[in-house]
Amino acid sequence: MSTEEQNSFRDKVSTIDDQGKRVWIFPKKPKGSFYKARTWVSFVLLAILLGTPFLKINGRPFLLLNIIERKFIIFGVGFWPQDFHLFVLATLALVIFVVLFTVIFGRLFCGWACPQTIYMEMVFRKIEYWIDGDARQQKILREAPWTGNKIFKRVLKHSIFFGFSFFLGNILLSYFIGIDQLTEIITSPPSTHLTGFIIMLLVSSVIYWIYAFFREQICTMVCPYGRLQGVLLDQKSIVVHYDFIRGEPRGKAAKENPAKGDCIDCNQCVEVCPTGIDIRNGTQLECINCTACIDACNEVMVKVKKPKGLIRYASYDSIARGIKHGFTPRMVFYSVFLSLILVVLTFLLFTRAPLEAVVLRTPGVLFQEPEPGIVSNLYNIKVINKTYEKKEINLRLTGKDGKIEVIGGAIHVVEGGMTETAFFIKLPKSALHLVNTPLRIDIFDETDKKIDQIHTSFIGPDPRLK
Ligand code: SF4
Ligand code: SF4
């Protein structure tokens, strides 16, 4: 076979044929130590994914990403749009962490922790094996005429698929609106929130379509993380790898011909692959590092009395050149960069002000002279309380002789909420030497602890016209 022919698999996606039609994958049910370990990990992750919206700390959600009301709670701590810089830094840290992790461990996340893989392989695929049987029975059933048995199996499978998708859609929604609001919605009749109900049906239908039909195409064609593998992986990255030094030349007559490698060309590694690829062709974008081929090959190796690990977690360099895994300059650079961002982020998180205020002169209102020799300006104040305790705040003018009069008395700020009010600043005319006088307002809490300071300006009559 010419090199071009050997590499022809790179010209096409394993799930699309030459006519552009979908090639349906019937992966054999995996079994083995890696699959067992992944199953246990998936139980934990499923508990986290499905249980997190129900978690509460002191009556507040553990995690809430309410984009519409711009209210975010992460690990029980409230964040506001004013904390956007923290969000940007945290996102940057996450991206660099993902890059660093991928450079070292390849797509380990995809195979073990990605929600798409967890739901597909550990929920929907298991339901399919339970109803339709293993790969061979699935193929037979697909080709079979529409008998009562086939209709029953199809209806049963797709009803369960849609039911679970609807459940997933609701769980997904609860991350954004909170479990209390979701409970309120689902316990009231659909007619009271028809639009929301229709949206939920649409979301559930998309989830159902992904797991019932689109499946591995998400990982091979849609997922941006999958697309990035081409630039993130290098020959030192640890991925699921076929040991071509040990395995080649492959062939069935390995026993009789000692010149043959350990691969007996049984195709078991291909038959279990959920993305339909042959790992012996080398690292490919379609490989989600699910380890099914490792288990399949290990079982074969035990049967032919060869050491396990013909397919294993390894880097290309360790297989081709025997180079041990080590820290490369690229990894050092990402690690240092990530550490710096984490230090800055930690500092900002620990020094985050519990209250934040925005003061603006009330638009469209000029200065007033409420009594002779006194000039007043009207201001609007918006105070965000990032804590979960009620706060009362006081405003004090610093560096100027004047007073602040809050409309309605003291400013009370509700816990985890925002309060808006207005106040006057009154200054003696003698203190004004400019049309626009800069001012500083200090904000104190009820214990007289200074919590913020604000700079604003005060408009007065032109002092030259006195
Ligand atoms: S399962 Fe192992 S022995 Fe069989 S074809 Fe794959 S690599 Fe070769
Ligand atoms: S090649 Fe192996 S690890 Fe990669 S997706 Fe296929 S079965 Fe999973």
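Indexing begins at 1, ligand by ligand and atom by atom, following the structure's order.
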query = Is Arg280 salt-bridged to Asp278, going by a charged N under 4.0 Å from an acidic O?
reply = yes
note = for atom 6 (Fe) of ligand 1, nearest protein heavy atom and its distance come out as Cys269 SG, 2.4 Å
request  = Could you check atom 3 (S) of ligand 1 against the protein and tell me its nearest heavy-atom contact, residue, atom and distance included?
outcome  = Ile264 N, 3.5 Å
task = Among all protein heavy atoms, pick the one closest to atom 8 (Fe) of ligand 1 and tell me residue, atom and distance.
result = Cys263 SG, 2.3 Å
remark   = Near Met301 (heavy-atom distance under 4.0 Å), the atoms of ligand 1 are 3 (S)
request  = Would you check if the distance from the ring center of Tyr119 to the ring center of Phe124 is below 6.0 Å?
outcome  = no
request  = Considering only NZ, NE, NH1 and NH2 on the basic side and carboxylate oxygens on the acidic side, decide whether Lys31 and Asp134 come within less than 4.0 Å.
outcome  = no
ask   = Heavy-atom contact under 4.0 Å between Val272 and ligand 2?
value = no
task = Tell me which protein heavy atom sits closest to atom 4 (Fe) of ligand 1, plus the residue, atom name and distance to 0.1 Å.
result = Cys266 SG, 2.3 Å
key: Carboxylate-amine/guanidinium contact Lys391 Glu356, below 4.0 Å   = no
ask   = Can you tell me if an N/O/S atom from Cys290 lies under 2.8 Å from atom 2 (Fe) of ligand 2?
value = no
message = For Glu128, is there an ion pair with Arg215 - N to carboxylate O distance below 4.0 angstrom?
response = yes
Any donor-acceptor N or O pair under 3.5 Å, side chains Thr447, Asp445 = yes
query = Is ligand 1 under 4.0 Å from a heavy atom in the side chain of Ile279, in the backbone, in both, or in neither?
reply = neither
inquiry  = Assess whether a salt bridge exists between Lys303 and Glu299, defined as any Lys/Arg side-chain N lying under 4.0 Å from an Asp/Glu carboxylate O.
reply    = yes
ask   = Quick one: which ligand 2 atoms are inside 4.0 Å of a heavy atom on Cys293?
value = 1 (S), 2 (Fe), 3 (S), 7 (S)
Ligand-residue contact atoms, ligand 1 with Arg280, heavy atoms, under 4.0 Å = 5 (S), 7 (S)
ask   = For ligand 2, which atoms sit closer than 4.0 Å to a heavy atom of Thr275?
value = 5 (S)
request  = Measure the distance from atom 2 (Fe) of ligand 1 to every protein heavy atom, then report the residue, atom name and distance (to 0.1 Å) of the closest one.
outcome  = Cys297 SG, 2.4 Å
